[in-house]
Amino acid sequence: MSTSEEQSVRLAEAEYGSVIRAAPSPVVVVGSDGTLVELNDAADLVFPTARPGLPLADAVPSWLARAHRESSGQPVRGLIAGRAFQAHATRLGDAVAWWLIDETEEQRTKQLLEVERERTAFLAHASTLLLSSMNLGRCMEITAQLASEYLADAAVVILPPVVNKLTMVWRARGGQAVREVLAADPATVPGLDIALRGFPPVPSRWIDPASVADWIIPDGLGPVGSVAVVPLPGQGVPAGALVLLRTSSRAVFTENEEVFARLFAARAGAAMAAARLYAEQANITEILMRDLIPPQLRHVDGIEFAGGYQPSGVAERVGGDFYDLHPAGQAGRETFIVLGDVCGKGLEAAAMTGKIRNTLHALLPLATNHLRVLTMLNSALLSSHHTRFATLVFASAVRDGANVRLRLTNAGHLPPLIVRKDGTVEEAQTQGSLVGVLPTVHASTAVVHLEPGESCVLYTDGITEARGGPLGDTYFGEQRLKDVLAECAGIPSEAIVERVQMLAEQWIGDNHHDDIAVVAITAPRHREDR
């Protein structure tokens, strides 16, 4: 060491020596000739072979020696005995002191934090995708897709068995999801049958790849190195199971990956359970609604019957307006038809219409006496828990030679309109009280004869009270309806219904409207129709 260097070191030692020796982090002091001048106790532990007087390159890792030669002044990072260090240089006269900071734990924490961020983002993305569809099959495909892309080389989503058959979705990484129903025994895959039963509750399970049945491995996947069966928890019942497969070239699942797989399975299972519940409820609703939808009317004994119905809501299929037809069992008997309007709208009103229609169906043997039917229907409604009421029109139609004889009974409803051949529109002379409110009902029955081509039109207030017109606030009204019907003289019943509905819709425009129901009864126009 030269004299000047010795002076510099002594100066440095005088200023920093005690600090360097007391530093908890490794510190090495390098002279201007590139040899070690001093190491503190912490540096002795990190560089056990380093001694003052040794060239720096022989005492420390190459990355640190290179940083000293380049003298950039910037902190550098590197590994020492498998641990990560950051080195900072400080000038001590002509010498340089390298301060090393062990940041192994810090980097490990950063890596774990980054992994957790990625997993959190993945789970958020998975939740968004899974909740984007209420279709069970689509949820299974999304689950298999996400699992095969992020958790394993291939994934199989399996629903609990139904009649000894398994509904499954396979997907290998980068491939297409394949859905299949397979007659396979889940007991051939260890842990799968318990996961599908959901009881007793079991965690995910690693199983020996050699014990896995061939039917659960996607075609073309290759040798399987590790397999995991992860239950998909539902809402009180198991939603299914997820089988993760990794090929032999990939490492087995770590404990953290197992925990992450369970977190993903919880979201996938909840989405699949919700989708299955939605499908069940939709199926039940479809079955119940099937009987609430107004029937398709048809000709009976030459008499034309036509009906049209439009619920108030675009997304609704049933409402408070209804009509029904009970054709005569044989020629010469009356065909019974009813059109009604239950107070209110929506599903509750639709349920009330179902009750009325079922009650009237049971009372058909009494249909020769309209008032008696009304009385018994009123008693049935008063004894139910419903607080709603209804207005009705009964019509019994039968051929009378070339004409049609109608018996019309109005129970608080709008009057039936008779459309004569010459375009005259008459109101049927029948009145009565509504049903479901008073202990007794009163109604009069009118007998009307329709000559060939003449019609009787029944309708609800959804037409007459439809708001629309140029300013959007004017009722369609009974007079406007009569004017429309006057133009419909002599045309078929289907055309009358279509005409009334079309003009009412044009009148309403984009305005909100109530339920709309129209029924037309038309006498045969030609002798050959008799």
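We're numbering straight along the sequence, starting at 1. Note that the structure is a prediction, hence the values are computed from the model and not measured. What you see below is based on every heavy atom in this structure, not just the backbone, and it leaves out hydrogens, waters and symmetry mates.
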Please determine if Arg499 and Glu487 form a salt bridge, counting it only when a charged side-chain N lies under 4.0 Å from a carboxylate O. yes
Stepwise side chain to side chain contact (heavy atoms under 4.5 Å, CB included) test for Leu417 and Glu426: CA-CA 5 Å; Leu417 297 178; Glu426 305 170 357; over 6 Å; no
So OG1 of Thr353 and CZ of Phe322: to nearest 0.5 Å the spacing works out to 6.5 Å
Take atom CG of Asp214 as the centre, draw a 6.0 Å sphere, and report whether it contains more than 12 heavy atoms from other residues, nucleotides or ligands. no
I'd like to know if Asp324 pairs up with Arg357 as an ion pair, taking the criterion as any Lys NZ or Arg NE/NH1/NH2 lying under 4.0 Å from an Asp or Glu carboxylate oxygen. yes
Within this structure, what is the NE2-OG1 distance for the pair His370 and Thr409, rounded to the nearest 0.5 Å? 5.0 Å
Closest non-hydrogen atoms of Val500 and Leu481, given as atom of the first, atom of the second and distance, are CG1-CD1, 3.9 Å
Between the side chains of Glu304 and Arg525, is the shortest nitrogen-to-carboxylate-oxygen separation below 4.0 Å, so that they form an ion pair? yes
Would you check if Val169 and Val178 make a side-chain contact, meaning some heavy-atom pair closer than 4.5 Å? no
Any chance you could measure Leu159, atom CG, to Leu136, atom CG, to the nearest 0.5 Å? 5.0 Å
Smallest separation among heavy atoms of Val300 and Ala328, with atom names: CG1-N, 4.2 Å
Looking only at the aromatic ring of each residue, does the gap between the centers of Phe394 and Phe336 stay below 6.0 angstrom? yes
So which atom in Ala261 and which in Val230 form the shortest heavy-atom distance, rounded to 0.1 Å? O-CG1, 4.2 Å
Does any part of the side chain of Tyr323, heavy atoms only, come nearer than 4.5 Å to the side chain of Thr460, both counted from C-beta? no
For Asn164, look at atom CG and say whether over 12 heavy atoms of other residues, nucleotides or ligands are found less than 6.0 Å away. no
Looking at Ile303, is its backbone amide N or carbonyl O close enough to the side chain of Asp301 to form a donor-acceptor pair, meaning the two atoms are under 3.5 Å apart? no
Residues Asn135 and Ser133: side-chain donor-acceptor under 3.5 angstrom: no
Residues Glu454, Lys421: salt bridge by 4.0 Å N-O rule: no
More than 12 heavy atoms of other residues, nucleotides or ligands under 6.0 Å from CD of Gln431: is that the case? no
Does a side-chain heavy-atom distance below 4.5 Å link Arg399 with Pro524? yes
For Leu458 and Ala395, which heavy atoms make the closest approach, and how far apart are they? CD1-CB, 4.4 Å
Rounded to the nearest 0.5 Å, what separation is found between the CG atom of Leu450 and the CD1 atom of Ile418? 5.5 Å
Rounded to the nearest 0.5 Å, the CG atom of Leu242 sits from the CE atom of Met272 at a distance of 9.0 Å
Closer than 4.0 angstrom, basic N to acidic O: yes or no for Glu257 and Arg246? yes
Salt bridge flag under 4.0 Å for residues Arg171 and Glu141: no
So, Glu494 and His299: side-chain donor and acceptor under 3.5 Å apart, yes or no? yes
Closest non-hydrogen atom pair between Leu374 and Leu392, with its separation: CD2-CD1, 3.9 Å
Is the charged tip of Arg467 near the ring of Tyr475: under 6.0 Å from the six-membered ring centre and within 45° of its axis? yes
Contact between Ile337 and Leu297 at the side-chain level, heavy atoms closer than 4.5 Å - yes or no? yes
Does a donor on one side chain sit under 3.5 Å from an acceptor on the other, for Asp341 and Thr391? no
Are Ile516 and Glu505 packed together at the side-chain level, in the sense that at least one heavy-atom pair is separated by less than 4.5 angstrom? no
Please determine whether the number of non-hydrogen atoms from other residues, nucleotides or ligands lying under 6.0 Å from atom CG of Asp219 exceeds 12. no
Measure the shortest side-chain to side-chain distance between Thr464 and Phe476 over non-hydrogen atoms and say whether it is less than 4.5 angstrom. no
Test log, rule side chain to side chain contact (heavy atoms under 4.5 Å, CB included), inputs Leu382 and Val437: CA-CA 7 Å; Leu382 289 176; Val437 177; 5.7 Å; no
Asp483 CG to Cys488 SG distance, which is reported to the nearest 0.5 Å: 11.0 Å
If we only count heavy atoms from C-beta on, is the Leu366 to Met376 side-chain gap below 4.5 Å? yes
Pair Leu245, Ile217 - check side chain to side chain contact (heavy atoms under 4.5 Å, CB included), show working. CA-CA 8 Å; Leu245 303 105; Ile217 301 176; 4.0 Å; yes
Is the closest side-chain heavy-atom distance between Leu131 and Thr128 below 4.5 Å? no
Check Ala155 against Ala144 and note the closest heavy-atom contact, atom names and distance. CB-O, 3.8 Å
Do you know which of Val425, Ile496, Val497 makes side-chain contact (heavy atoms from CB on, under 4.5 Å) with Val457? Ile496
Counting only heavy atoms not in His361, do more than 12 fall under 6.0 Å of its NE2? no
Check for me whether the distance between the ring centres of Phe122 and Phe264 falls short of 6.0 Å. yes
Assess, by modelled atom type and distance only, whether the side chains of Ser148 and Trp170 contain a donor and an acceptor separated by less than 3.5 Å. no
